[in-house]
Amino acid sequence: MNIVQPLLALQEIDARLRVLQQEARDIPLRKSQEQGRLRGAQEALAQAQAGLKTAQVRVNDAEGEVKDRREKINKLRQQQLTLKTNKEFAAINLEIATIEGQIDASEARQVAAMDALVPAQARVKEAEGLLQEQQSVVDGYLKELDARLATVQQEIQQAETDRVAAAKNVAPTFLTHYTRLVVRRWPPVVPLEGQACGGCHLTQPPSVPHSVRHNSSLVACQSCGRILYIP
Ligand SMILES: [Zn+2]
């Protein structure tokens with residue numbers, strides 16, 4: 001048996017673990033990307049709501065103007081009852097006529113503002129619908145991602161259990177060497193490719209393939225330190 005075989009088995013589990021751990025790290029990012037996809041629809045809704053608010057304010061303003069001017073006319077009519085001369089009476093009539101003209105303008109503005117209210121309400125409703133539609137699609141993805149994360153975490157747990165068992169099959173000195181190497185190089189155990197290291201591709205001196213073939217101790221690449229084996 002090749003003496004690196006137990007290390008290769010361990011490396012295979014570590015490879016699986018690395019992929020799973022990367023996926024577990026990526027899932028929260030993917031979730032926030034999904035949520036980010038709603039931003040456009042959320043902004044469109046906020047804009048439609050602001051438009052509706054402006055339209056509502058215009059209606060209220062025009063209504064307020066009409067009301068204020070009618071009150072003013074009422075006051076002027078009260079005032080007319082107390083007047084002594086026709087001249088004064090006529091002057092107030094003129095003032096009332098002016099205000100009535102202003103009321104007409106305010107009422108026209110009110111009608112126009114109310115006309116604008118309907119499409120503004122429709123835009124809000126449409127934007128709400130679009131957001132809701134996208135929200136339900138995104139919610140679906142989020143649910144899938146959560147389910148995937150749960151599976152990945154289970155698989156990580158399984159791989160960690162497998163790793164403990166696989167590590168028991170490795171000679172302690174080999175394990176120490178591998179553990180030191182794995183933090184700097186991935187993968188730490190590589191095949192010889194002809195005379196070259198399968199990791200950094202440096203051609204090894206002839207003594208190296210010879211030692212690897214001898215299969216009695218771990219042989220490291222002269223450049224990157226990876227453990228070499230003959231596949
Ligand atoms: Zn190398």
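Whatever order the structure lists them in is the order used to number ligands and atoms, beginning at 1. Start at 1 with the first residue, then count along the sequence.
- A salt bridge does not link Arg39 to Glu43: none of the charged side-chain nitrogens sits closer than 4.0 Å to a carboxylate oxygen.
- Remark: Glu107 does not engage Arg69 in a salt bridge, criterion side-chain N to carboxylate O under 4.0 Å.
- Between Glu100 and Arg77 a salt bridge is recorded (basic side-chain N to carboxylate O distance below 4.0 Å).
- Here the Zn ion (ligand 1) has protein N, O or S atoms under 2.8 Å from it, and they come to 4.
- Counting heavy atoms of neighbouring residues, nucleotides and ligands inside a 6.0 Å radius, atom CD of Gln157 does not exceed 12 of them.
- In this structure, Arg148 pairs ionically with Glu23, as a charged nitrogen and a carboxylate oxygen lie closer than 4.0 Å.
- With respect to the salt-bridge test (charged N to carboxylate O, under 4.0 angstrom), the residues Arg37 and Glu34 qualify.
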